[in-house]
Amino acid sequence: MFDSDLMVNVVPVQSFSDETLAKEWIKNKREPFILKNFDYGPCLQKWNAEYMMEKVNNKTVKIHVSSKSEMDFINKNFLYRTLPFKELIKRASQNKQTDFFIDENEKYYLRSLGADDRKDVADIQKDYPELSNEIRYPPLFELENFFSSVFRISSAGLRLWTHYDIMDNILIQINGKKRVVLFPPSDVDNLYMKGDKSQVLEIDNPDLSKYPLFAHAKKYECILEAGDVIFIPSLWLHNVISVSFSIGVNVFWKHLDDEFYEKKDVYGNKDLVAAQKAFLFADKAINELNRLPLHYKEFYIKRVIQKFQKNLDDE
Ligand SMILES: O=C(O)CCC(=O)C(=O)O
Ligand SMILES: [Fe+2]
């Protein structure tokens, strides 16, 4: 497989400046897009490293620390540590560290959490009151469906693994640049999933002997500049690399009725209740079939898959 074969599957993410059009896309098209030129308020001018260090006092944050550019959640090649918010910003905004946990080139990632990270969802308005009136969200969702708002602060060059979330989501880029690569839900068979994450880490240089189907995955791709917001529809897989020191905020909201979401899901990434039940039934079905000799099991797994496929075909 050559690079050029992989390139065939790259689609640039659409961008536009019209909020009404953006809302239409969310409702009807459900594909990623970038909305440009929205007025987010003072955060766009103000939120740089110096300002954040000065403004946010007395807060400690749980962070990811990684000596590798490609963070790997499945094999945990990073550390969880705690730092004062100020210190996180200082370190994440510079490329070489004098104080470090692993080595001088280590990188930092903050996904902000609620006050009690097991019970509370992240909400910048509550968790960072000193910054709360400096950001305004674009009117792309109904306020009653709001779920959480999350800081995404990252060192230059750090990549967040490919994953999906179950809620609709906008990612607002406030400072610095990010490259975002997305894969449609229909490509989930090509992404070697483990839970909500893909095992293919090096998406630009994948090991195709290990992950041959990845070559067929369709990539939607864009660079998010400060002042851009991208819509990441639920179930679209996404991989995010910070091209420079980067401050972003993402907002999740519920696109379905409350009852479909797991109640205790503070991160907004647990599979929908119906899907969790289906996985449990699948485990039970597998246990049953495991009691049979292999050739019966193979035959009946195919028959069960046919049943699921027929259900989809009848839709
Ligand atoms: O910007 C990032 O680092 C990750 C964003 C993300 O995963 C999201 O908005 O759902
Ligand atoms: Fe995400």
Side-chain angles (χ1 to χ4, degrees), residues 13 26 30-35 40 43 47 61-66 68-74 78 88-89 92-93 107-113 121-124 135 137-138 140-141 146-185 188 191 193-198 201 203 220-255 261 265-272:
V13 174
I26 292 179
R30 303 202 51 75
E31 279 191 10
F33 62 81
I34 295 174
L35 176 68
Y40 297 95
C43 61
W47 291 7
V61 282
K62 277 196 185 154
I63 51 164
H64 299 61
V65 183
S66 179
K68 300 269 186 320
S69 299
E70 327 282 331
M71 278 195 289
D72 179 354
F73 185 88
I74 297 168
F78 56 84
L88 161 75
I89 299 287
S93 60
K107 300 181 193 317
Y108 304 86
Y109 186 85
L110 169 69
R111 185 254 189 246
S112 66
L113 303 169
V121 294
D123 182 345
I124 289 176
I135 182 163
Y137 302 132
L140 298 178
F141 58 93
F146 171 88
F147 178 75
S148 65
S149 55
V150 179
F151 262 128
R152 305 281 180 168
I153 298 181
S154 173
S155 297
L158 193 59
R159 186 192 292 278
L160 186 68
W161 50 81
T162 305
H163 66 281
Y164 65 83
D165 300 295
I166 48 127
M167 289 188 200
D168 280 356
N169 170 10
I170 46 174
L171 175 62
I172 305 167
Q173 190 62 15
I174 296 173
N175 193 305
K177 254 191 214 184
K178 265 179 183 166
R179 174 172 166 238
V180 185
V181 178
L182 305 106
F183 306 90
V188 72
L191 291 168
M193 301 300 292
K194 202 159 187 185
D196 60 347
K197 298 166 185 76
S198 166
L201 292 177
I203 60 167
Y220 285 62
E221 197 172 325
C222 61
I223 298 283
L224 268 195
E225 313 264 358
D228 291 348
V229 62
I230 183 168
F231 170 57
I232 306 178
S234 55
L235 306 185
W236 277 68
L237 292 113
H238 45 286
N239 180 291
V240 180
I241 183 161
S242 293
V243 178
S244 57
F245 166 65
S246 162
I247 302 177
V249 166
N250 88 286
V251 180
F252 287 113
W253 71 90
K254 292 181 176 178
H255 153 252
Y261 298 97
D265 181 13
V266 289
Y267 285 86
N269 66 358
K270 293 231 166 84
D271 282 307
L272 297 174

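All ligand and atom numbering here is 1-based and tracks the order in the structure.
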Asker: Measuring from I241:CD1 to K177:NZ, what's the distance to the nearest 0.5 Å?
Answerer: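 Between I241 CD1 and K177 NZ, I get 13.0 Å after rounding to 0.5 Å.
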
Asker: Going by ring pair (Phe, Tyr, Trp, His ring centres under 6.0 Å), name the residues that satisfy it together with F147, two or more places apart in sequence or in a different chain.
Answerer: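 Ring pair (Phe, Tyr, Trp, His ring centres under 6.0 Å) list for F147, sorted by chain: empty.
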
Asker: Please examine the side chains of H163 and F73, heavy atoms only from C-beta on, and report whether any two atoms are closer than 4.5 Å.
Answerer: no

Asker: Report the protein N/O/S neighbours of the Fe ion (ligand 2) that fall below 2.8 Å; do not count waters.
Answerer: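 Only H163 NE2, D165 OD2, H238 NE2 fall inside 2.8 Å of the Fe ion (ligand 2).
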
Asker: Once side chain to side chain donor-acceptor pair (under 3.5 Å) is applied, do any residues pair with D271, and if so which ones, sequence neighbours excluded?
Answerer: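 For D271, the residues satisfying side chain to side chain donor-acceptor pair (under 3.5 Å) (neighbours in sequence not counted) are Y164.
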
Asker: Please say which of L237, N239, T162, I232 ends up in a side chain to side chain contact (heavy atoms under 4.5 Å, CB included) with L182.
Answerer: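 The residue from L237, N239, T162, I232 that satisfies side chain to side chain contact (heavy atoms under 4.5 Å, CB included) with L182 turns out to be I232.
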
Asker: Among L110, L160, I174, which one satisfies side chain to side chain contact (heavy atoms under 4.5 Å, CB included) with R152?
Answerer: L160

Asker: For ligand 1, what are the residues with a heavy-atom contact below 4.0 Å?
Answerer: Y109, R152, L160, H163, D165, N169, L171, K178, I232, H238, V240, N250, F252

Asker: If only atom types and distance count, is the side chain of D228 paired as donor or acceptor with the main-chain N or O of I34 below 3.5 Å?
Answerer: no

Asker: Heavy atoms, side chains only, cut-off 4.5 Å: are S154 and K107 in contact?
Answerer: no

Asker: Could you check whether any side-chain heavy atom of Y220 comes within less than 4.5 Å of a side-chain heavy atom of V181, counting everything from C-beta outward?
Answerer: no

